[in-house]
Colleague: 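I have a structure here, written as structure tokens, and I will follow up with some questions on it.
Both ligands and their constituent atoms are indexed starting at 1 by order of listing. When reading the values below, keep in mind they use all heavy atoms of this one structure, side chains included, and skip hydrogens, waters and symmetry mates.
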Amino acid sequence: MALKERDEFTGQVTTGHEWNGIKELNTPIPRLVWIFLISMVLFGLVWTVLMPSWPGVNGYFRGLLGVDQHQAVKQSLAEANAQRAAWMDRLATEDFSSLAADKDIMTVVRQAGPAIFADNCAACHGAEGKGNPGYPNIAQSPMMWGDDTDAIAETIRVGINSMHPETRYGQMLAFGRDQMLSGEQINQLADYLVALHDGPAITNEARGDAETLFAENCAACHGADGLGSTDTGAPNLMDNFWIYGGNRSVIRQSIYNGRQGTMPTWEGRLSPAQIRMMALYVQDLRGKTP
Ligand code: HEC
Ligand code: HEC
């Protein structure tokens with residue numbers, strides 16, 4: 001082999017290659033890079049011995065440490081399912097007051113509730129339960145069928161005017177169409193209800209007449225004071241929540257044609273635990289603890 005040529009400026013040996021008068025120096029790879037490369041290779045070898053690595057014919061080399069991600073995933077899934085089953089059992093059977101007092105249960109309700117509500121209820125009652133014309137505000141208004149959680153769960157289970165054999169049944173009579181009241185009397189009642197809600201005032205005489213009409217025709221269901229009754233499902237007419245609307249023409253329509261809203265039954269579509277979870281969720285929206 002020919003004597004290696006040295007570069008006269010740096011004193012380095014050259015590779016012997018030359019391009020257009022420029023000679024390539026034969027500089028060694030720095031020691032630090034060697035150390036790094038060798039230690040990575042060693043680490044890689046040790047890792048393949050400790051951890052699951054080489055594929056074989058009937059499986060793979062499982063590694064000396066016995067680490068198994070499949071097993072770990074299976075185990076945490078099984079744990080999650082067991083926990084879920086425990087929650088579901090409690091939701092299906094336990095008293096609402098003790099469920100609501102349990103932070104873990106309420107965390108489950110707040111995490112799982114919004115999705116069930118969005119899938120099943122929001123189309124009618126709105127994303128936050130605040131209602132739409134024809135669909136009551138269940139996040140804020142007094143409940144027609146009762147404010148306590150058991151009553152709410154029962155409403156969700158059987159529905160209102162639904163296909164369920166035990167459905168809650170509520171009907172606002174068609175006082176005009178069925179000729180129980182004259183158009184004039186309906187106007188008097190509509191004016192009276194509007195006046196009670198910051199609408200145009202009416203004379204004392206008109207008020208007296210309307211109060212008599214109300215006592216004779218409406219109080220049986222809506223209560224003598226008009227605050228509603230959970231026995232008949234007739235809503236409170238004195239507050240500012242309206243299912244159909246509080247302006248004069250909509251109120252007049254409610255009295256003339258009657259109303260019979262339908263709330264579907266959820267029995268069979270949601271599990272008992274989910275139905276009771278929804279009742280807790282609705283109470284939570286209402287800011288109430290049962
Ligand atoms: C198809 C539309 C519709 C869907 C979907 C629906 N609701 Fe209703 N819901 C109604 C209507 C309409 C009423 C009022 C019925 C009436 O006017 O008497 C009502 C009434 C209620 C009431 C009783 C309100 C009261 O004042 O007592 C509750 C509670 C309720 N809904 C909860 C739910 C929950 C929870 C879901 C989802 C699981 C749901 N609703 C899904 C239409 C719906
Ligand atoms: C047989 C029981 C019953 C009688 C009697 C009755 N109501 Fe009703 N009323 C209801 C029920 C139940 C509803 C709710 C209907 C629904 O949403 O399905 C209602 C709803 C209404 C509404 C609509 C409320 C809203 O939030 O939009 C008005 C207004 C109303 N009633 C006025 C009257 C007046 C005025 C009278 C007397 C002339 C009267 N009601 C008599 C049961 C009755």
Colleague: Checking Asp191 against Gln188: is there a side-chain donor and acceptor pair closer than 3.5 Å?
Modeller: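 The answer is no; no qualifying pair exists.
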Colleague: Check whether any N or O atom of Gln171, backbone or side chain, sits under 3.5 Å from an N or O atom of ligand 2, and answer yes or no.
Modeller: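 The answer is no, given that Gln171 and ligand 2 share no N or O pair closer than 3.5 Å.
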Colleague: Nearest protein heavy atom to atom 5 (C) of ligand 2, by residue and atom, and its distance?
Modeller: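 Atom 5 (C) of ligand 2 sits closest to the protein heavy atom Asn217 O, 3.3 Å.
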Colleague: Compare all side-chain heavy atoms of His222 with those of Met172 and state whether any distance is below 4.5 angstrom.
Modeller: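 With C-beta onward as the side chain, the pair touches.
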Colleague: Once rounded to the nearest 0.5 Å, what's the spacing between atom CH2 of Trp145 and atom OG1 of Thr155?
Modeller: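 It comes to 8.0 Å.
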Colleague: Any idea which protein heavy atom is nearest atom 12 (C) of ligand 1, and the distance to it?
Modeller: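 Minimum-distance protein heavy atom for atom 12 (C) of ligand 1 reads Thr262 O, 3.3 Å.
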Colleague: Within the 4.0 Å heavy-atom shell around Gly134, which atoms of ligand 1 are there?
Modeller: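 Result: 12 (C).
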Colleague: Can you check side-chain contact (heavy atoms from CB on, under 4.5 Å) on Met278 and Trp266, steps first, answer last?
Modeller: CA-CA 11 Å; Met278 278 297 93; Trp266 295 94; over 6 Å; no
Colleague: Pick one of side chain, backbone, both or neither for how Tyr281 approaches ligand 1, counting any non-hydrogen atom pair under 4.0 Å.
Modeller: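 Neither part.
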Colleague: For Tyr244, counting its heavy atoms only, list the atoms of ligand 1 lying under 4.0 Å from any of them.
Modeller: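 Within the 4.0 Å cut-off of Tyr244, ligand 1 contributes 17 (O).
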Colleague: Checking contacts here: is it the side chain or the backbone of Trp242 that comes within 4.0 Å of ligand 2, counting heavy atoms only? Could be both or neither.
Modeller: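 Both parts.
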Colleague: With heavy-atom distances below 4.0 Å as the criterion, list the atoms of ligand 2 near Leu189.
Modeller: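 That gives atoms 38 (C) of ligand 2.
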Colleague: Among all residues two or more places apart in sequence or in another chain, which pass the side chain to side chain donor-acceptor pair (under 3.5 Å) test with Arg90?
Modeller: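 Arg90: side chain to side chain donor-acceptor pair (under 3.5 Å) contacts with Glu94, Asp102.
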Colleague: Measuring from atom NE2 of His70 to atom CD of Gln75, what distance do you get when rounded to the nearest 0.5 angstrom?
Modeller: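 Spacing of NE2 (His70) from CD (Gln75) equals 14.5 Å.
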Colleague: Looking at ligand 1, does Phe241 have a heavy atom less than 4.0 Å from it?
Modeller: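 The answer is no, since Phe241 has no heavy atom less than 4.0 Å from ligand 1.
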Colleague: Please write down residue, atom name and distance for the protein heavy atom closest to atom 41 (C) of ligand 1.
Modeller: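 Answer for atom 41 (C) of ligand 1: Trp266 CZ2, 3.5 Å.
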Colleague: May I ask you to test the Asp148-Ile152 pair for a side-chain heavy-atom distance under 4.5 Å?
Modeller: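 They are not in contact (no side-chain heavy atoms under 4.5 Å apart), so the answer is no.
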Colleague: So, is the end of the Arg62 side chain (NZ or CZ) under 6.0 Å from the ring centre of Tyr60 and within 45° of the ring's axis?
Modeller: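 Pair Arg62/Tyr60 counts as cation-pi.
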Colleague: Are Thr48 and Ser53 close enough that a side-chain donor and a side-chain acceptor fall under 3.5 Å?
Modeller: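 No, Ser53 and Thr48 have no side-chain donor paired with an acceptor closer than 3.5 Å.
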Colleague: Distance to 0.1 Å, residue and atom name: give those for the protein heavy atom nearest to atom 30 (C) of ligand 1.
Modeller: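 Nearest neighbour among protein heavy atoms for atom 30 (C) of ligand 1, to 0.1 Å: Met263 CE, 3.5 Å.
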Colleague: For the pair Lys23 and Asp7, find out whether any cationic side-chain nitrogen is under 4.0 Å from an anionic carboxylate oxygen.
Modeller: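 No, this pair does not count.
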Colleague: Within a distance under 4.0 Å of any heavy atom of Met143, pick out the atoms of ligand 1 and give their elements.
Modeller: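 Atoms satisfying the 4.0 Å criterion: 24 (C), 25 (C), 26 (O), 27 (O), 29 (C).
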Colleague: For the residue pair Trp19 and His17, categorise the inter-ring angle as parallel (less than 30°), tilted (30 to 60°) or perpendicular (more than 60°).
Modeller: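 Rings of Trp19 and His17: perpendicular, over 60°.
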Colleague: Taking it one step at a time, do Asn120 and Arg269 satisfy side chain to side chain donor-acceptor pair (under 3.5 Å)?
Modeller: CA-CA 9 Å; Asn120 298 283; Arg269 287 202 270 174; over 6 Å; no
Colleague: Answer yes if the ring centres of Tyr281 and Phe117 are under 6.0 angstrom apart, and no otherwise.
Modeller: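 Yes - the distance between ring centres of Tyr281 and Phe117 falls below the 6.0 Å cut-off.
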Colleague: Taking only non-hydrogen atoms of Pro264, do any sit less than 4.0 angstrom from ligand 1?
Modeller: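 In this structure, Pro264 qualifies as a contact of ligand 1 - some heavy atom is under 4.0 Å.
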Colleague: Starting at OH of Tyr135, measure out to CD1 of Ile243 and round the result to the nearest 0.5 Å.
Modeller: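 Answer rounded to 0.5 Å: 12.0 Å.
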Colleague: Between the candidates Ile243, Asp231, Leu181, which shows the shortest non-hydrogen contact distance to atom 25 (C) of ligand 2?
Modeller: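 Considering heavy atoms of Ile243, Asp231, Leu181, the nearest to atom 25 (C) of ligand 2 sits in Ile243.
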Colleague: Give the contacting part of His125 toward ligand 1: side chain, backbone, both or neither, where contact means a heavy-atom distance below 4.0 Å.
Modeller: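 For His125, only side-chain atoms sit under 4.0 Å from ligand 1.
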Colleague: At a 4.0 Å threshold, what atoms of ligand 1 neighbour a non-hydrogen atom of Ile156?
Modeller: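 Within the 4.0 Å cut-off of Ile156, ligand 1 contributes 35 (C).
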Colleague: If the cut-off is 4.0 Å to any non-hydrogen atom of Ile160, which atoms of ligand 1 fall inside it?
Modeller: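 Ligand 1 atoms under the 4.0 Å threshold to Ile160: 15 (C), 18 (O), 20 (C).
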Colleague: Charged N to carboxylate O under 4.0 angstrom, Glu154 versus Arg168?
Modeller: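 No, no charged N to carboxylate O under 4.0 Å.
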Colleague: For Pro136 and ligand 1, answer yes if some heavy atom of the residue is under 4.0 Å from a ligand atom, otherwise no.
Modeller: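 It does, in that a heavy atom of Pro136 comes within the 4.0 Å cut-off of ligand 1.
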Colleague: Can you give each donor-acceptor pair under 3.5 Å made by side-chain atoms of residues 195-209, sequence neighbours left out, with the distance rounded to 0.1 Å?
Modeller:
unit_1, atom_1, unit_2, atom_2, d
His197, ND1, Leu193, O, 2.8
His197, NE2, Leu237, O, 3.2
His197, NE2, Met238, O, 3.3
His197, NE2, Asp239, O, 2.7
Thr203, OG1, Ala206, N, 3.0

Colleague: Checking contacts here: is it the side chain or the backbone of Asn161 that comes within 4.0 Å of ligand 1, counting heavy atoms only? Could be both or neither.
Modeller: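 The answer is neither.
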Colleague: Can you tell me the protein heavy atom closest to atom 23 (C) of ligand 1 and the distance?
Modeller: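 Here the nearest protein heavy atom works out to Thr155 CG2, 3.6 Å.
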Colleague: What protein N/O/S atoms lie closer than 2.8 Å to atom 8 (Fe) of ligand 2?
Modeller: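 For atom 8 (Fe) of ligand 2, the protein N, O and S atoms that sit under 2.8 Å away are Met172 SD, His222 NE2.
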Colleague: Taking 4.0 angstrom as the limit and counting only heavy atoms of Ile152, give me the atoms of ligand 1 inside it, by number and element.
Modeller: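 Per the distance check, 29 (C).
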Colleague: Do Arg259 and Tyr244 form a cation-pi contact, if we require the NZ or CZ to be under 6.0 Å from the six-membered ring centre and within 45 degrees of the ring's axis?
Modeller: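 Yes.
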Colleague: Can you list the atoms of ligand 1 that are under 4.0 Å from a heavy atom of Asn120?
Modeller: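 The list of qualifying atoms is 5 (C), 37 (C), 38 (C), 41 (C).
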Colleague: Who passes ring-ring contact (aromatic ring centres under 6.0 Å, His included) against Trp54, sequence neighbours left out?
Modeller: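 Per chain and number, Trp54 pairs via ring-ring contact (aromatic ring centres under 6.0 Å, His included) with no residue.
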Colleague: Just which atoms of ligand 2 are under 4.0 Å from any heavy atom in Gly261?
Modeller: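 Answer, ordered by atom number: 16 (C), 18 (O).
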Colleague: Can you tell if the side chain of Asn236 reaches within under 4.5 Å of the side chain of Met144, non-hydrogen atoms only?
Modeller: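 No, every pair of side-chain atoms sits at 4.5 Å or beyond.
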Colleague: What protein heavy atom sits nearest atom 28 (C) of ligand 1, and how far away is it?
Modeller: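 Closest protein heavy atom to atom 28 (C) of ligand 1: Ile138 CG2, 3.8 Å.
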Colleague: At what distance is the nearest protein heavy atom to atom 37 (C) of ligand 1, and which residue and atom is it?
Modeller: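 For atom 37 (C) of ligand 1, the nearest protein heavy atom is Cys121 SG, 1.8 Å.
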Colleague: Could you identify the single nearest non-hydrogen protein atom to atom 26 (O) of ligand 1 and state the distance to 0.1 Å?
Modeller: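 It is Met144 N, 2.6 Å.
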Colleague: Taking 4.0 angstrom as the limit and counting only heavy atoms of Gly233, give me the atoms of ligand 2 inside it, by number and element.
Modeller: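 Every atom of ligand 2 under 4.0 Å from some heavy atom of Gly233: 12 (C).
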